[in-house]
Structure formats: structure tokens, C-alpha cells
Amino acid sequence: MSIGIGNRGNVQGLTTHKLGCIRGERAVFAGLDLALNPGRAMLLSGPNGSGKSSLLRVLAGLLPAAGGRVDWEGTDVTEDRDGHRARVAYIGHADPLKPSLTAAENLAFWAKLYGFDPDIEPALFQFAIEPLADVPVRYLSAGQRRRVTLARLALGQNSQAGPTLWLLDEPATGLDPGAVSMLANTILAHLSNEGVAIISTHGGRLDALLNDHADRFDMHEFAA
Amino acid sequence: MSIGIGNRGNVQGLTTHKLGCIRGERAVFAGLDLALNPGRAMLLSGPNGSGKSSLLRVLAGLLPAAGGRVDWEGTDVTEDRDGHRARVAYIGHADPLKPSLTAAENLAFWAKLYGFDPDIEPALFQFAIEPLADVPVRYLSAGQRRRVTLARLALGQNSQAGPTLWLLDEPATGLDPGAVSMLANTILAHLSNEGVAIISTHGGRLDALLNDHADRFDMHEFAA
Amino acid sequence: MIGLCLLIRRDLRLAFRGGTDAMMGVIFFVLAAILFPFGVGPDAAILPRIGGGIIWVVALLAALLSLERMFAGDHEDGSLDLLYLSPVSLGQLALAKAIAHWLTSGVLLLIASPVLALLYNLPSSAFLPLVATMALGTPTLSLVGAIGAALTLGARRGGVLLALLLLPLYIPVLIFDAGAIDGAIAGRDITPQLMILGGFLLAALALAPWATAAALRQAIE
Amino acid sequence: MIGLCLLIRRDLRLAFRGGTDAMMGVIFFVLAAILFPFGVGPDAAILPRIGGGIIWVVALLAALLSLERMFAGDHEDGSLDLLYLSPVSLGQLALAKAIAHWLTSGVLLLIASPVLALLYNLPSSAFLPLVATMALGTPTLSLVGAIGAALTLGARRGGVLLALLLLPLYIPVLIFDAGAIDGAIAGRDITPQLMILGGFLLAALALAPWATAAALRQAIE
Amino acid sequence: MLHRFANPARFSRIAARVLPWSTALTGLLFVAGIYFALFASPADYQQGDTVRIMYVHVPSAWMAMGAYTFIAVMSATSLIWKHPLADIAARAAAPLGAGFTVIVLTTGSLWGKPTWGTWWVWDARLTSVLVLFFLYLGHIALTHAFDNPQRGAKAAAVLALVGFVNIPIIKFSVDWWNTLHQPASLTRLDRPAIDPAMLTPLLLMGLAFMAYFITMLLIRMRADLNAARARALQLSAAE
Ligand code: HEM
Ligand SMILES: Nc1ncnc2c1ncn2[C@@H]1O[C@H](COP(=O)(O)OP(=O)(O)OP(=O)(O)O)[C@@H](O)[C@H]1O
Ligand SMILES: Nc1ncnc2c1ncn2[C@@H]1O[C@H](COP(=O)(O)OP(=O)(O)OP(=O)(O)O)[C@@H](O)[C@H]1O
Ligand SMILES: [Mg+2]
Ligand SMILES: [Mg+2]
């Protein structure tokens with residue numbers, strides 16, 4: 001698990017130290033150490049309720065850690081919250097899309113807000129949803145919605161200074177095999193760009209496609 | 001695809017004839033014929049937006065067919081809507097659970113409303129969620145919620161005269177491998193009971209586990 | 001009948017746990033009634049004059065408030081599909097929802113109204129008529145409201161539409177309610193108004209579940 | 001600044017497409033104003049007497065109405081997480097939401113109020129003060145309301161709680177507004193009241209976004 | 001009888017044949033009605049020339065109520081017999097009825113100022129007509145509030161049936177409550193209590209409004225059917 005730990009002076013990528021998380025007065029995990037070098041993905045597995053989503057939220061800074069610390073390149077991320085937020089791309093279980101806006105409007109909003117390249121065409125193309133660009137999200141099927149959500153990753157990737165730390169919570173939910181390949185290619189391109197990705201998963205095509213570039217991490221061991 | 005068609009006099013299970021579906025003034029599929037014998041499952045595959053969910057809703061009677069007919073044991077289901085509703089167990093993309101009620105309260109409500117056995121313990125047990133019985137659904141993880149939704153199937157199964165036609169829309173979404181096995185076992189028990197199940201899927205563990213008892217059906221061919 | 005009770009119990013439980021904003025109604029009712037004296041000024045002469053009317057208008061607005069989400073939650077999370085597939089008919093569902101809505105808004109308004117009557121210094125002869133009109137009128141609001149809630153389910157701009165649809169249907173109830181209270185204060189016999197309100201209620205009981213069920217059937221797709 | 005405009009534009013677009021119930025406010029406002037004469041009775045003498053107060057109470061209730069879902073949609077679908085992670089600060093988000101809320105409720109109320117003044121037969125000397133108090137008061141309602149909306153996000157019985165929290169904060173605004181209108185009708189100078197309302201607005205502008213941001217930070221978890 | 005027109009194509013053919021006649025009839029009736037109303041009828045001994053407002057006010061009041069009744073009947077036809085043209089007829093009639101209602105309200109107000117000294121009072125008849133206007137608006141809004149037009153039509157049909165209770169209230173409000181407004185003088189069960197010199201223009205204008213309604217209804221229904229056909233062609237071309 002501990003790749004790259006040791007020479008604290010010149011640590012790269014993401015490391016956590018004795019990280020803990022409490023939700024609703026119950027400890028979800030504790031004493032969790034992980035380390036991830038640039039260019040690598042980490043596949044987070046573990047049974048339902050083992051705390052994968054919670055861990056990703058702690059890493060994103062959305063949930064306060066109950067103990068321990070998260071470091072980026074050796075420095076605690078809580079010291080520079082704005083810097084950390086600019087580094088993170090987070091995909092949760094839910095699709096943050098407005099049903100009454102079209103797919104293109106939804107994406108364009110996030111692109112502009114994050115200061116990404118406002119040309120969303122390539123991102124739509126990357127997930128094969130150009131034909132749906134002008135359809136209100138209300139009418140999209142479950143998998144089509146997920147594609148629109150994921151196209152946000154492509155937006156950041158196609159811009160300079162996009163996020164380097166991708167935190168993806170079961171991103172392949174509802175995707176057909178073709179779309180899973182598109183997602184895998186997007187992630188691989190990110191990794192080849194010295195990016196870091198942590199991806200929760202229950203196994204499946206995405207795991208297989210990322211296998212050569214990913215470490216595995218089982219939450220089960222850290223259940224509190 | 002057409003297993004059991006031919007002797008219309010004594011048709012068993014579910015058949016459709018030239019079934020069509022229109023959503024938002026656009027034809028989703030047309031001229032769809034399928035037939036399914038008791039004791040068999042059908043794995044519905046197809047790219048995102050190909051109409052798997054729409055087909056399941058038409059079969060459940062939730063969405064009106066735009067053309068063609070759905071027969072159960074040779075008679076049109078629209079002739080006896082109440083009888084058809086009593087026959088159907090439907091699992092959609094969304095989890096019909098109230099966040100403020102506990103898992104047990106949610107399940108008990110559906111059990112009583114459908115006239116199933118009000119003892120929900122075995123169903124909770126079947127999906128390994130007994131420890132969560134008294135937790136409000138608001139606090140459950142994505143996979144835990146899906147398990148509670150699926151436990152409804154077990155409820156009907158453990159009662160006499162439970163539904164015979166199961167329509168499951170990507171039921172394994174968010175489940176860990178252990179839970180997928182529980183689901184597969186539940187489905188297999190249903191099939192061995194002369195039940196019928198139509199299951200939309202994008203491939204994965206559930207497909208493999210059901211392989212010996214399932215036909216496959218690709219929506220792609222019927223895209224309108 | 002079992003299904004009806006079950007559905008009502010579930011809605012009440014959800015309201016109590018804060019799953020819906022049904023309780024909003026009473027709070028709104030009380031707050032609004034407190035606010036009006038501030039807005040109008042605590043003129044001792046004018047409050048009793050307008051009190052009956054204000055209490056009724058606020059009750060009506062309170063009923064309107066919690067209506068929008070009467071079926072919306074069940075629609076969004078797929079529960080409505082399951083309710084439709086269950087042995088309980090949509091008419092029973094409509095009736096159960098209206099009863100639950102009334103129990104979480106109308107009944108509480110009914111109980112709160114004498115207090116408000118005191119606040120507004122209404123003459124004591126107006127107390128009984130106020131409670132009587134509330135008892136006859138608020139169930140009608142819930143029943144008719146259910147139609148509107150079902151009709152606008154999934155509509156663009158549902159909330160605005162709901163208000164637009166219900167306002168004209170609520171006005172007759174309001175006219176007779178206010179008329180009864182004014183009549184009582186003036187010492188007139190208010191039996192005719194109460195009869196008409198009772199007639200509205202009976203008509204709503206007979207027609208509203210049917211109309212609501214027809215509207216719900218359209219909303220499931 | 002770009003972020004602020006972007007957020008406001010998005011909320012306006014959502015309101016226009018019916019994604020939120022922001023428009024509910026005005027409709028509610030107009031409807032309520034139409035209803036009161038029914039409840040109170042079409043007494044030509046009493047309506048102008050209470051009209052100013054009623055208009056303001058209804059405006060306040062209308063503001064309250066659309067507040068509950070100010071952040072709720074973004075909270076439920078995970079948009080709030082992304083807004084927090086974006087370069088825009090939560091304070092800017094709070095300000096943008098309050099401005100969008102005001103544009104979809106306050107401004108429309110402002111425009112509708114002269115019409116209502118006509119309906120209620122208010123003396124013409126009350127028109128300008130009514131519009132002036134609306135212009136100064138409604139932005140305060142939106143800004144203060146944002147705090148309440150953020151504080152009650154995800155709370156059990158959020159709506160009730162919101163009303164309870166905001167009522168005491170809204171009452172001072174109401175008192176000075178109604179005071180200004182009454183004063184104007186009585187021919188008094190209303191500059192002091194307008195100054196105080198302006199003071200409220202400035203204080204709300206300075207403090208509310210900050211408090212809202214703090215509350216939002218707690219709601220994300 | 002109704003089912004003879006069930007076929008939209010046959011309806012279109014019949015409408016095409018009727019339209020020129022009804023258009024001409026509408027024009028003739030209006031010319032005659034306006035002539036009698038403005039020139040060939042006496043001014044009222046009490047109200048003077050303002051009484052001529054009546055010749056617009058009263059016919060449009062009849063048509064406002066008549067159009068709603070028509071919509072209600074069509075809605076029942078749509079919900080019970082699923083007649084394909086009923087939804088289209090209801091949808092076509094609603095804006096016309098709303099227009100008549102606006103005319104009643106404005107002419108009433110204009111008439112109210114000189115006779116009652118106020119534009120508006122909250123009395124039962126005026127209020128119930130305002131309610132009718134809201135019902136029309138609700139019907140139109142509901143028809144267009146859904147992305148699926150079918151759903152909008154059915155929802156509006158349910159509303160139309162529910163709202164029909166308002167029609168008797170408008171009609172009898174003047175009898176049930178004593179109000180400022182005129183009670184029925186023409187459409188009552190015993191003899192009309194109106195001067196024949198005023199009756200002629202009133203009846204002519206009533207017929208003119210009715211002919212106008214039928215003409216516009218046919219035109220709107222035909223346009224609606226054509227639009228549906230164009231959409232269907234477009235969809236089949238796209239496949
Ligand atoms: C906005 C205000 C008004 C509205 C909404 C209104 C509405 C109506 C309606 C719905 C009718 C049809 C009654 C029926 O067929 O039974 C009617 C008829 C009539 N209205 Fe008005 N009205 C208004 C103002 C006035 C005024 C100011 C006058 C004149 C003083 C007036 C005089 C009449 C007369 C003479 C009739 C014919 C009654 C009959 O012969 O049946 N209306 N009005
Ligand atoms: N309510 C709706 N109104 C209009 N069109 C819709 C609606 N729901 C779905 N559609 C469209 O109908 C098509 C079929 O959708 P459906 O949900 O059946 O697909 P699916 O096969 O289940 O896809 P997925 O694998 O993504 O779940 C899609 O193209 C979708 O955009
Ligand atoms: N908001 C919350 N409040 C309290 N407890 C929570 C909350 N969210 C999750 N939990 C609990 O914390 C634990 C971890 O949940 P989490 O969502 O992180 O699991 P997960 O590994 O992502 O599971 P899944 O595979 O089902 O998505 C679960 O037991 C869950 O019940
Ligand atoms: Mg998770
Ligand atoms: Mg689907």
C-alpha cells in the first residue's frame with residue numbers, strides 16, 4: 001500500500017496518515033494510510049457501507065476528517081484549502097444536473113464556473129453525447145445522464161491547469177460497455193498526464209481496463 | 001428469441017407482439033417481439049438510451065404501449081389490468097425509499113400494502129441488512145439503499161401468491177459482489193418456482209451468475 | 001380500507017418525521033396571523049372587523065402551501081409507480097392523501113382557530129361559526145387541492161400552475177366561510193351558508209378522489 | 001464577479017424553466033391580494049385602511065415561500081458539493097442566490113405592488129412610499145432569508161424551522177414598512193423610516209452573505 | 001352521430017366545406033347587428049348611449065359561458081369515449097372562451113364606471129366571471145405545461161370538468177345573492193323583460209358572436225390537425 005512513502009522531504013502525489021472518519025456518531029474507518037504517486041490510479045473496493053464514498057469525500061475536503069491528515073506533495077491540504085479545491089475533480093453517486101436545462105447548458109455552466117475552456121464540444125464528443133447536447137436532461141436515460149456528468153472530467157482535462165486529483169465514486173454506474181471504455185480512456189489520458197485518480201468500484205469492466213495503471217485498496221481492512 | 005411461440009392455444013409466460021414505444025414524440029423501439037417461458041430469465045442489454053427501461057415500464061403497465069400488445073399466457077394484459085398489476089414486481093432505477101423512515105419501516109409499508117407476509121425479517125436477512133433495520137434510510141450508503149429496495153423482491157417471494165413476473169431495471173447497481181450473489185440467488189429461487197424475470201443489465205457478475213437460466217435479448221436491433 | 005389506513009398512517013409518519021412539509025401549514029397559519037396585526041396596526045376596532053376573513057385567507061394559503069408536494073415526493077423517487085402497481089386503487093390513494101393532508105393541516109388549523117379568534121378580539125358569537133366553517137371548509141380544501149396537486153405533477157412551473165388552478169376553486173369556499181362568520185357577528189342565521197359548505201364538502205368527497213385518480217393515471221408514464 | 005453573474009444567470013434560467021418554484025412568489029402575492037377582499041368583505045372603507053399592511057404581509061409570506069428550496073435542489077443533487085469545490089467562494093454563492101431570489105420574487109413584487117394598491121383603493125399619496133419601502137425592504141428579506149435557508153438545509157422539519165427562524169428577523173422590517181406607509185397616508189415625513197430600512201439593507205448586505213456561507217459550510221458533509 | 005366525424009380527415013373535409021359559409025354568415029350578422037346596435041335602436045331613458053355597451057357585453061357573456069360548457073362536454077367525450085377530436089376541440093375553444101371573458105370583464109368595467117360609479121366591485125357575479133377567466137387561463141396553461149401534449153390534454157380535460165361547477169354559479173349568482181348587477185331579463189323562464197327595439201340588435205349580436213365562435217373553432221381545429229400531421233411527417237422522415 002505504501003508506495004512512495006519514506007523520503008518525506010520530496011513526497012509526490014497524495015498521502016494520508018492515520019485518517020479517520022466519523023459519520024452520524026459512528027466511526028466509519030480509522031487509521032487509514034494510503035499513498036499514491038502521480039500517474040497512478042487507485043481502485044478502492046470494499047463491501048457496501050465500508051466507507052468508500054466517505055473516504056472520497058474526506059479527500060475532496062467535503063467531509064471533515066475525524067483524525068489524521070491528508071497530504072498533497074508532503075503538505076497538509078487543510079493549510080491551503082483553496083489550492084486543494086482547485087486540484088480536485090469530484091464525481092459522486094448523484095448526478096449534479098438540472099433536469100430542466102439541456103445537457104449542453106448543464107456542462108457549459110460548470111465549465112464557465114470552474115474557468116475551464118468554454119468550448120464543450122470535445123467533451124461531449126469524448127462521451128458520445130453530441131446528439132443529446134440540446135435535449136433537456138429530464139429526458140435522458142440513466143446512462144445518458146451519467147455520461148453528461150462524466151463529461152465534466154473531459155472539460156477539465158481539455159483545459160490547461162485542470163484538476164490533477166480525480167476522486168470518482170463508482171463512475172461507471174449505469175454505463176454501457178462502450179461508455180465504460182470512453183471513461184477508461186479519459187482516465188488513462190489523465191494518468192499519462194501525471195494525474196492522480198482514486199476510483200471506488202465493485203469490480204467490472206472499468207477495473208479490467210485500468211488494471212495496468214492502478215493499485216488496489218480494500219477498505220475492508222480499515223473498517224472501524 | 002421466439003421460444004414457445006407457435007401453439008397460441010396454450011402459450012405460457014410472457015409474449016409481446018410488434019410492441020412499440022413512444023417517449024416525448026420520439027419512437028424508442030418498434031416491432032418488438034419477445035417470448036419468455038416460466039422458469040426462465042431474460043437479460044436485456046443494449047447501449048444507453050436504447051429503451052431497456054422504457055420496455056420494462058411498458059411491460060409493467062406503467063407506460064402505455066404505442067402499438068402492439070403484451071400477452072400473458074396468451075391473453076392481452078390490458079384486458080385484466082388488476083390481474084396484471086398483481087403479477088408484476090418492478091424495480092426501477094430509483095430507490096422508492098423514504099429517507100426519514102428506517103429500512104424496516106420502509107419495507108414493512110410495502111409488505112402490508114401489497115398484502116405480503118408482514119414478517120420482514122427473512123427478507124432483511126436475505127440481503128444481509130438486518131443490522132441496518134432500524135437505521136433511517138437517510139444514513140445508508142448507496143449500496144445499502146439498493147439492498148433495501150431489492151429486499152422487496154424477497155418479501156413477495158416469501159409470501160404465497162407473490163408476483164410471478166419480475167421486471168428488474170439494472171438491479172445490481174451499486175451492489176458489492178456479495179450482494180450481487182444474494183440477488184442472483186433470490187432470482188434463481190424465483191425461477192425455480194416457475195417465475196419469470198426480465199432484467200436489464202450492462203454485463204457483469206449478475207449476468208454470469210444467471211447465465212444458465214437466462215436468454216439474452218439485445219435492444220439494439222429494435223431501435224426505432 | 002386497510003390500504004387506506006396504511007397510506008394515511010404512512011403520510012402522517014412522514015409528516016411527523018419531517019419528510020414532507022405538511023406541518024408547514026399550521027406554523028404558517030399561526031405566523032401569518034401574528035404578522036397581520038403588525039402590518040395592519042394593532043387597532044382595536046379594525047382587527048375584530050377583519051379577523052374572520054384574515055383567518056380564513058391564511059388557512060387557505062396554508063392549505064395551498066403543503067399541497068405542491070402532496071404527490072411530488074412519491075413521483076420523484078418512484079414510489080408512485082409502486083403505489084399504482086399495488087392492490088390499492090388510485091382513488092383510494094387520492095382519498096388517503098387528502099385525508100392525511102387534512103389531518104396535518106386542516107385539523108390543526110381547526111384547533112388553532114379559536115386561539116386566533118381570541119388574538120383578533122373576535123366577538124364571542126363568532127367562535128362557534130368560525131370553528132364550524134373550518135370543520136366544513138378545510139376538508140374541501142384538501143380534497144380539491146389533491147386534484148390540483150395531481151394535475152400539475154411533473155408540469156413545467158408546477159407551483160405557479162397549482163396556485164392558478166386552485167385559486168378559482170377555493171374562492172367559493174372562502175366566500176361562504178367569510179359570509180357565515182360575518183353573518184354570525186351580525187346576528188343572522190348562518191344555516192344556509194353552513195348547508196352550502198356542507199354541500200361543497202359532499203360534492204368534493206364524491207368527485208375529488210375520482211378526478212385526482214384520473215389525473216394521477218396521466219402522471220405515471 | 002464573473003462567477004457571481006454566472007450563478008445569478010443560472011438561477012434565473014432555472015426559475016424561468018420552472019426548475020425552481022421562485023415564480024411562485026409573485027403568483028402567491030397577487031392571489032393572496034385578490035383573496036383578501038373576499039375574506040374581509042368588499043367594504044370600500046376598510047380596504048384602503050388595511051391595504052398597505054396586507055400587501056406587506058403577503059410580500060413577506062411570498063418571500064418566505066420560495067426560500068425553503070433556495071439551496072435544497074443543489075444540496076440534493078450534489079451540485080452544492082461542486083459549487084463548494086469551484087473557485088467561487090461560498091460567500092459569493094450566498095450573495096448570488098440572494099440576488100437571484102430577489103430578482104425572481106422581490107422585483108416582481110415591487111412591480112406588482114402599485115397594481116395592488118389600485119385594487120385596494122389606497123390613497124395616491126401612498127403609492128410612492130409603498131414602492132420605496134418595497135425597493136428597500138424586499139432585498140433585505142432575500143438576504144436574511146438566505147441565512148435561514150442555509151441554516152435549515154437538510155434539517156428535519158426544515159420548513160417549519162425556517163419560518164420560526166425568520167419570523168423574528170422579518171418583523172422589524174415589517175414594522176417600519178407598515179409605519180412608513182401609514183405615515184405617508186397621514187401626511188407625515190417618512191424619511192426616518194426609509195433611512196432605517198436602508199440601514200437594515202446595508203447591514204444585511206454586509207453580514208448575510210458571510211453568515212450564509214458559514215451555514216452552508218456546515219451543510220456540506 | 002359524433003363518430004361520423006371521428007376521422008380527422010373527414011372532419012377536415014367537412015370543415016373546409018362549412019368554413020366559407022360560416023365566415024360569410026359571421027360577417028353579415030356582425031354588419032346587421034352593429035347597424036341595429038348603433039343606429040337603429042333607442043338610447044336608454046336612464047343610461048343614455050352607454051346602454052349600447054350591452055350589445056357587446058351580453059352576447060360575449062353568453063359565449064364565455066357557452067364556450068366553457070362546450071369545453072366541458074368535449075372533455076367528457078375525451079375522457080370517457082377517448083374521441084380523437086375532442087381534445088383538439090377543447091384546446092381550440094379555450095383561448096376563444098378566454099377572449100370572450102376578457103370582453104365581458106372590460107365592457108362590464110367600462111359600463112360600471114358611469115352606472116355604478118366604480119370600475120370594479122367584489123360582487124358575486126363579477127367574481128364568478130373572474131373565476132371563469134382564471135379557469136380558462138388554468139386550462140390553457142395546463143394544456144401547454146407538459147412536454148407530452150397528450151398528458152396536457154388529459155389533465156386539462158379533468159380540470160374542465162371540475163371547473164364546470166362554476167357555470168351555474170355565474171348564471172344564478174344574481175338570483176342567489178342580491179348584488180349591484182342586473183338580474184337576467186332575457187334568459188329567464190317567463191317572458192323577456194326587455195324592449196323589442198333593444199331585443200333585435202341583442203339577438204343579432206348574439207348570433208354573430210356564435211357564428212364567429214364556430215368559424216374560429218373550425219379554423220383553429222384545422223390548423224391544429226395540420227400541425228400534428230406535419231410533425232408526424234417530419235418524424236417519419238427522420239427515421
Ligand atoms: C366587469 C363587470 C361585469 C361582469 C363580469 C358582468 C358579467 C355579466 C354576465 C356573465 C352576464 C350574463 C348573464 C346571463 O346571461 O344570465 C351579464 C349580463 C348583463 N349585464 Fe353584466 N357584467 C358586468 C358589468 C355590468 C354593468 C356595469 C352593467 C350595467 C349596469 C351590466 C349589465 C348587464 C345586463 C343588462 C345584462 C343582461 C342581463 C340579461 O338580460 O340576462 N353588467 N353580465
Ligand atoms: N420521460 C421521457 N420523455 C422523453 N424521452 C425519454 C423519457 N425518458 C427516456 N426518454 C428517451 O427514451 C430513450 C430510451 O430511454 P430508456 O431510459 O428506456 O433507455 P435505457 O435503455 O434504459 O438506457 P440506460 O442504459 O441509460 O438506462 C432515450 O433516448 C431517452 O432519451
Ligand atoms: N450522512 C450520513 N450520516 C450518517 N451515517 C452515514 C451517512 N452516510 C453514510 N453513512 C454511513 O457510513 C458508512 C459508510 O458509508 P459510505 O457511503 O461511505 O459507504 P460506501 O463504501 O460508499 O458504500 P457503497 O458501496 O454502498 O456506496 C455506512 O455504514 C453508512 O451507513
Ligand atoms: Mg458509496
Ligand atoms: Mg435505463
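What you see is a predicted model, and the numbers here were worked out from it, not measured in a lab.
Among A:L175, A:T173, A:D176, the residue making the largest number of heavy-atom pairs under 4.5 Å with chain B is A:D176. Annotation: maximal heavy-atom pairing with chain A below 4.5 Å, among B:Q144, B:H93, B:R146, occurs at B:Q144. Comparing B:R205, B:R147, B:E170 by heavy-atom pairs within less than 4.5 Å of chain A, the highest count is held by B:R147.
Residues A:N106 and A:R145 bring no donor and acceptor atom of their side chains to less than 3.5 Å of each other. With hydrogens and angles left out, the side-chain atoms of A:T164 and A:R87 include no donor and acceptor closer than 3.5 Å. In the model, B:S54 has a side-chain atom that pairs as donor or acceptor with a side-chain atom of B:R23 under 3.5 Å.
Applying side-chain contact (heavy atoms from CB on, under 4.5 Å) to A:T15 and the options A:V70, A:D71, A:L34 leaves one that passes, A:D71.
Residues of residues 119-143 of chain A lying within less than 4.5 angstrom of chain B, judged on heavy atoms, are A:S141, A:A142, A:G143 in numerical order.
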A:D169/A:I91 under side chain to side chain contact (heavy atoms under 4.5 Å, CB included): CA gap, chis, key distance, verdict: CA-CA 6 Å; A:D169 203 354; A:I91 301 275; 5.8 Å; no

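Ring-centre distance between A:W166 and A:H190: below the 6.0 Å cut-off.
Within the 4.5 Å cutoff, the side chain of A:P163 has no heavy atoms near those of the A:V88 side chain.
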